[in-house]
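Input: a single structure, listed below in structure tokens.
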Amino acid sequence: MLLGVIADDMTGATDVALMLNRAGMRTVQVIGVPAPGVSLPEADAVVVALKSRTNPVAEAVDDSLAACEALLAAGARQILFKYCSTFDSTAEGNIGPVANALMQRLGAKLSIVCPAFPANGRSIYQGYLFVGAMPLHESSMKDHPLTPMRDSNLMRLMAAQAKADVGLVDYATVLAGPSAVKARLAKLEVEGVRYAVTDALTNEDLMTLGHAVSEQVLLTGGSGIAMGLPQNFRRAGLLPERPGPQDIKAPPGRAGIISGSCSTATRRQIKAALEAGYPALKVDPFALVEGRQDAPGLARWALAQPEDKPFLLYSSDDPAEVAAVQDKLGREKAGSTVEQAFAEVARLLSEGGVTRLLVAGGETSGATVLGLGIRTLEIGPEIDPGVPWTRVVDGPDMVVALKSGNFGAPDFFLKAWNLLR
């Protein structure tokens with residue numbers, strides 16, 4: 001293994017695995033902390049997908065350290081801690097504490113902070129994170145039901161979470177090339193800075209940054225920063241040129257969609273699916289709590305639909321409705337009620353012959369993967385930036401696409417199936 005990746009949710013894991021796989025690194029995604037004594041799959045890169053973004057801080061740190069140990073034992077030469085391109089974090093801040101723990105374990109003195117992902121409109125300028133043309137705190141992320149983001153300054157956010165000095169590699173330095181970035185990082189390290197936020201507006205900027213951090217033992221960022229890492233291993237003579245996957249073979253069977261994301265992007269995708277005539281049923285948290293809906297009933301409805309189009313089960317709603325549910329049920333219960341239902345629904349759908357499943361939302365994807373008992377995924381072709389199809393290696397015979405709520409074009413639910421054969 002050349003690169004070990006620790007991802008704080010399921011969709012983020014497939015996102016970064018796609019980035020590496022597309023660049024010719026044989027990449028495998030494993031679900032959850034590897035059990036002691038269990039060997040990781042042989043690959044150039046292994047991505048460990050955790051569900052640690054919104055977990056209690058201590059649990060997130062422990063799981064991340066355990067994943068790090070497994071990756072190091074398998075030979076990883078560099079560790080990437082992957083989080084969301086919108087720097088999603090709780091008020092306590094799991095990103096900073098996890099990064100601190102990994103830094104201490106690896107003996108790193110400085111790490112970059114780079115959630116930029118230009119293909120999906122995430123850019124960093126003067127240390128501020130933008131979603132499209134909007135600062136993060138003015139985007140739809142300000143109303144995220146679990147991790148609302150109310151500040152756009154990454155230096156301020158990371159300093160508060162990590163309780164450490166945070167510096168900046170500004171855009172002029174990035175434009176000056178890898179050597180200038182290396183020199184800036186070295187200067188910040190001498191000054192006692194532990195984290196360096198790096199500006200990035202384009203894919204070329206990410207390639208520059210990737211080149212500059214070839215000797216860093218620990219990196220932190222979104223999937224975009226992984227773009228430039230494979231070339232480092234090629235320059236070192238450790239990785240041959242390989243093409244990325246073009247399509248993926250799916251087992252025969254039914255197709256369906258489960259959506260728990262309330263993001264603007266996903267709601268647009270649901271609207272497009274409804275307009276295309278996909279059979280759809282809305283999942284109501286109150287109905288689940290009161291017993292008017294349950295997982296067996298939802299699965300029976302889905303399996304009873306015509307097979308000429310994918311069915312759609314969704315709990316997605318606009319921020320005002322989500323807030324109303326959370327006010328009555330509590331934020332944790334509102335989320336866990338739907339997640340537990342979708343986890344059981346996924347299992348029942350698999351048993352009922354569904355072999356092609358598209359899941360929208362990080363928490364929903366995590367619950368669904370655990371419900372299906374999936375342990376390992378093979379990365380397939382890209383549907384939209386950051387979202388691939390994957391083939392289950394260890395688990396039920398099926399293909400799944402795990403989509404971050406914020407990702408994908410409005411027609412994502414319609415066109416995804418065209419890449420399957």
Side-chain angles (χ1 to χ4, degrees), residues 4-16 31-33 47-71 79-106 108 111-117 122 129 136-137 141-166 194-197 218-226 261 263 331-332 335-336 339 361-367 369-370 402 404-406:
V5 184
I6 302 165
D8 68 355
D9 81 340
M10 299 295 168
T11 58
T14 54
D15 176 7
V16 70
I31 311 302
V33 178
V47 181
V48 178
L50 303 178
K51 195 173 181 293
S52 59
R53 181 171 300 170
T54 57
N55 286 7
V57 171
E59 185 178 328
V61 167
D62 288 346
D63 286 351
S64 300
L65 286 174
C68 183
E69 293 298 337
L71 292 167
I79 298 293
L80 168 61
F81 169 37
K82 193 274 175 194
Y83 40 77
C84 187
S85 60
T86 48
F87 208 73
D88 292 25
S89 49
T90 63
E92 293 77 18
N94 284 5
I95 294 175
V98 168
N100 284 346
L102 293 173
M103 183 173 285
Q104 181 176 1
R105 168 61 185 87
L106 296 169
S111 177
I112 63 167
V113 174
C114 186
F117 193 175
R122 306 332 187 232
L129 180 58
L136 175 65
H137 72 280
M141 284 303 300
K142 70 180 185 299
D143 297 317
H144 192 284
L146 296 177
T147 54
M149 300 304 294
R150 305 292 167 77
D151 193 356
S152 304
N153 187 304
L154 291 172
M155 293 178 290
R156 192 157 51 226
L157 288 167
M158 192 63 178
Q161 290 190 23
K163 307 296 189 293
D165 289 338
V166 180
R194 296 184 66 193
Y195 296 100
V197 173
L218 173 67
L219 311 174
T220 87
S223 61
I225 194 60
S261 169
S263 73
R331 176 175 292 188
E332 185 173 339
S336 63
E339 288 174 30
E363 300 299 320
T364 306
S365 293
V369 164
L370 294 176
L402 307 175
S404 170
N406 294 306

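Just so it is clear, the structure is predicted and the values come from calculations on it, not from any experiment.
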Legend entry - Pairwise side-chain contact, Met149 with Thr86, heavy-atom cut-off 4.5 Å (strictly under): no
Inset, instruction - Would you name the heavy atoms of Ala99 and Phe81 that are closest together and state the gap between them? - result: N-CE2, 4.1 Å
Inset, instruction - Quick one: pull up NZ in Lys82 and CD1 in Ile6 and give me the separation to the nearest 0.5 Å. - result: 13.5 Å
Inset, instruction - Mind checking the CG-CZ spacing from Leu65 to Arg105? Nearest 0.5 Å is all I need. - result: 8.5 Å
Inset, instruction - Considering non-hydrogen atoms only, spot the tightest contact between Val61 and Ala101 and give its length. - result: CG1-CB, 3.6 Å
Inset, instruction - Would you check if Cys84 and Asp15 make a side-chain contact, meaning some heavy-atom pair closer than 4.5 Å? - result: no
Inset, instruction - Report yes or no: does Ser85 contribute a side-chain atom to a donor-acceptor pair with the main-chain N or O of Gly222 at less than 3.5 Å? - result: no
Inset, instruction - Classify the side-chain pair Asn406/Ser404 by whether it contains a donor and acceptor separated by less than 3.5 Å. - result: no
Legend entry - Pairwise distance SG(Cys114) to CZ(Arg122) - rounded to 0.5 angstrom: 13.5 Å
Inset, instruction - Please name the pair of heavy atoms, one in Gly366 and one in Met10, separated by the smallest distance, quoted to 0.1 Å. - result: CA-CG, 3.2 Å
Inset, instruction - Report the distance from atom CG of Asn100 to atom OG of Ser64, rounding to the nearest 0.5 Å. - result: 12.0 Å
Legend entry - Validation row: Asp8, Leu50 side chains within 4.5 angstrom (heavy atoms): no
Legend entry - Name of the residue among Asn94, Leu157, Ile95 meeting side chain to side chain contact (heavy atoms under 4.5 Å, CB included) with Ser89: Ile95
Legend entry - CZ-CE distance between Phe87 and Met141, expressed to the nearest 0.5 angstrom: 12.0 Å
Inset, instruction - Could you check if a side-chain atom of Asp88 sits within less than 4.5 angstrom of a side-chain atom of Tyr83, using non-hydrogen atoms only? - result: no
Inset, instruction - List the atom of Ala226, the atom of Leu80, and the distance in Å for their closest heavy-atom pair. - result: CB-CD2, 4.2 Å
Legend entry - Any Leu71 side-chain heavy atom under 4.5 Å of Ile79 side chain: yes
Legend entry - Gap separating the CG atom of Leu129 from the CG atom of Asp151, nearest 0.5 angstrom: 10.5 Å
Legend entry - Closest non-hydrogen atom pair, Ala7 against Val47: CB-CG1, 4.2 Å
Legend entry - Side-chain heavy atoms of Lys51 within contact of Asp63, under 4.5 Å: no
Legend entry - Check: Ala60 main-chain N/O paired with Ser52 side-chain donor or acceptor under 3.5 Å: no
Inset, instruction - Kindly say whether Lys142 contributes a backbone atom to a donor-acceptor pair with the side chain of Arg150 at under 3.5 angstrom? - result: yes
Legend entry - Minimum heavy-atom distance between Ala66 and Val33, given as atom pair plus value: CB-CG1, 3.4 Å
